[in-house]
Amino acid sequence: MVDDEPSLAELLARVLRNEGWAVETAGTGGKAIRAARAFKPDAVILDMMLPDIDGMEVLSKLRADNPSVCVVFLTARDSVEDRVAGITAGGDDYVTKPFSLEEVLARLRGVLRRAGMAPETTSNLLAVGDLTVDEDAHEVHRDGQRIELTATEFELLRYLMQNPRRVLSKAQILGRVWEYDFGGQAHVVELYISYLRKKIDAGREPMIHTVRGAGYVLRPVS
């Protein structure tokens with residue numbers, strides 16, 4: 001992630017890490033070239049307007065070292081001429097500022113998929129705040145840290161993640177996770193919610209909340 005605005009670079013880097021990527025950041029073209037030689041990235045998000053070297057020159061040096069690296073230009077230049085110049089120079093895609101994080105992620109996945117570095121169908125990833133669940137890989141991360149869950153804990157968390165900010169009753173949870181009707185088994189839900197809290201919320205600001213008389217809800221940390 002190459003941008004001379006540190007706050008923007010760190011924001012995008014954090015989002016990408018939460019999506020499961022390993023990320024390095026650089027604020028100048030020179031640092032980007034050195035970092036790429038050591039890090040050997042699959043893709044680079046590259047600002048065209050850097051304080052030392054123009055993004056076009058950085059691209060040529062990146063490709064000289066690694067011809068297969070994917071490059072997505074990120075810039076405030078939004079004229080047709082600039083877009084054409086960026087793509088002609090060898091950029092794989094082009095995102096203009098201001099942008100949405102979802103757009104950057106979609107463009108990045110797209111160039112990796114077209115380059116054969118990502119599956120045709122991306123993994124089913126659920127994200128609420130800094131908590132992510134990869135439904136295909138059965139992996140859970142919070143703030144970039146891997147969390148190990150049992151199969152039942154994973155199913156319970158997945159159900160909560162599929163319904164963020166929605167209060168789910170014990171009956172609903174039993175019916176979805178344990179697949180049987182509510183019949184005095186509330187203690188099972190309470191027990192597994194407590195297990196999940198110890199792993200998801202331990203040492204962190206809580207995301208799993210009890211709504212007295214109603215059930216449980218997962219909310220992102222504000």
Inset, instruction - Report the residues that fulfil ring-ring contact (aromatic ring centres under 6.0 Å, His included) with His138, sequence neighbours left out, ordered by chain and then residue number. - result: Phe154
Inset, instruction - Might you point out which heavy atoms bring Ala32 and Leu62 nearest each other, and give the distance in Å? - result: O-CD2, 4.3 Å
Legend entry - Side chain proximity check, Leu50 to Val58, heavy atoms < 4.5 angstrom: yes
Inset, instruction - Step by step, work out the side chain to side chain contact (heavy atoms under 4.5 Å, CB included) result for Val128 and Leu160. - result: CA-CA 10 Å; Val128 177; Leu160 293 171; over 6 Å; no
Inset, instruction - Using the side chain to side chain contact (heavy atoms under 4.5 Å, CB included) rule, take Gln145 and Arg204 through it: C-alpha gap first, then chi angles, then the decisive distance, then the call. - result: CA-CA 12 Å; Gln145 294 184 342; Arg204 305 179 178 95; 2.9 Å; yes
Inset, instruction - Share the residues that join Phe39 in a hydrophobic cluster, the rule being Ile, Leu, Val, Met, Phe, Trp or Tyr side chains under 4.5 Å apart at the heavy-atom level. - result: none
Inset, instruction - Taking the side chain as every heavy atom from C-beta outward, state whether Thr152 and Val177 have any pair of such atoms under 4.5 Å apart. - result: yes
Inset, instruction - Measure the SG-CZ distance between Cys70 and Arg63 for me, rounded to the nearest 0.5 Å. - result: 7.0 Å
Inset, instruction - Provide the full list of ring-ring contact (aromatic ring centres under 6.0 Å, His included) pairs with a residue in residues 194-222, sequence neighbours left out, each pair given once. - result: Tyr192-Tyr195
Legend entry - Step-by-step side chain to side chain contact (heavy atoms under 4.5 Å, CB included) determination, Met1 to Leu74: CA-CA 10 Å; Met1 173 62 218; Leu74 185 66; 3.9 Å; yes
Legend entry - Partners meeting side chain to side chain contact (heavy atoms under 4.5 Å, CB included) with Val167 (sequence neighbours left out): Val211, Ala214, Val217
Legend entry - Leu131 side chain reached by Val221 side chain, heavy atoms, under 4.5 Å: no
Legend entry - With sequence neighbours excluded, residues passing side chain to side chain contact (heavy atoms under 4.5 Å, CB included) with Gln162: Leu126, Glu135, Arg158, Tyr159, Arg176
Inset, instruction - Taking all heavy atoms of Arg165 and all of Pro220, pick out the closest pair and write down the distance. - result: NH2-CG, 3.1 Å
Inset, instruction - Mind checking side chain to side chain contact (heavy atoms under 4.5 Å, CB included) for Pro51 and listing every partner two or more places apart, or none if nothing turns up? - result: Asp4, Thr28
Inset, instruction - Could you go through the side chain to side chain contact (heavy atoms under 4.5 Å, CB included) check for Phe73 and Leu59 one step at a time? - result: CA-CA 9 Å; Phe73 278 122; Leu59 171 62; 3.7 Å; yes
Inset, instruction - Report yes if some heavy atom in the side chain of Val71 is under 4.5 Å from a heavy atom in the side chain of Val111; otherwise report no. - result: no
Inset, instruction - Please report the closest heavy-atom contact between Asn66 and Pro41, naming both atoms and the distance. - result: ND2-O, 3.5 Å
Legend entry - From CG (Leu218) to CE (Met161), nearest 0.5 Å: 6.5 Å
Legend entry - Electrostatic pair Asp92:Arg109 at N-O distance under 4.0 angstrom: no
Legend entry - Sequence-distant partners of Arg17, side-chain hydrogen bond (donor to acceptor under 3.5 Å, both in side chains), two or more places apart: none
Inset, instruction - Would you mind reporting whether Ile208 and Leu196 have side-chain heavy atoms less than 4.5 Å apart? - result: yes
Inset, instruction - List in chain and number order the residues that pass side chain to side chain contact (heavy atoms under 4.5 Å, CB included) with Ser169, two or more places apart in sequence or in another chain; answer none if no residue qualifies. - result: Ala171, Gln172
Inset, instruction - Kindly indicate whether the side chain of Val72, heavy atoms from C-beta on, has any atom under 4.5 Å from the side chain of Leu46. - result: no
Legend entry - Separation between NZ of Lys61 and CD1 of Ile33, rounded to the nearest 0.5 Å: 5.5 Å
Inset, instruction - Could you tell me whether the side chain of Val44 reaches within less than 4.5 Å of the side chain of Val69, counting heavy atoms only? - result: yes
Legend entry - Lys199: partners by salt bridge (Lys or Arg N to Asp or Glu O under 4.0 Å), with sequence neighbours left out: Glu153
Legend entry - Qualifying salt bridge (Lys or Arg N to Asp or Glu O under 4.0 Å) pairs, either residue in residues 139-148, two or more places apart: Arg14-Asp143, Asp130-Arg142, Glu139-Arg146, Arg142-Asp201, Arg146-Glu148
Inset, instruction - Measure the shortest side-chain to side-chain distance between Val15 and Trp21 over non-hydrogen atoms and say whether it is less than 4.5 angstrom. - result: no
Legend entry - Shortest non-hydrogen separation from Ala9 to Thr25 and the atoms involved: O-CG2, 4.0 Å
Inset, instruction - Could you tell me which residues satisfy salt bridge (Lys or Arg N to Asp or Glu O under 4.0 Å) with Glu10, sequence neighbours excluded, listed by chain and number? - result: none
Legend entry - From CD1 (Ile200) to CG (Leu149), nearest 0.5 Å: 5.0 Å
Legend entry - Point-to-point distance, once rounded to the nearest 0.5 Å, from NZ of Lys198 to CD1 of Ile193: 13.0 Å
Inset, instruction - Run the numbers on Asp134 and Thr132 for side-chain hydrogen bond (donor to acceptor under 3.5 Å, both in side chains), then give the verdict. - result: CA-CA 7 Å; Asp134 187 326; Thr132 60; over 6 Å; no
Legend entry - Asp3 side-chain N/O to Gly27 backbone N/O, donor-acceptor pair under 3.5 Å: no
Inset, instruction - If a pair satisfies salt bridge (Lys or Arg N to Asp or Glu O under 4.0 Å) and one of its residues is in residues 36-45, list it, with sequence neighbours excluded. - result: Arg37-Asp65
Legend entry - Distance in Å, Ile53 CD1 paired with Ser60 OG, rounded so as to fall on 0.5 Å steps: 9.0 Å
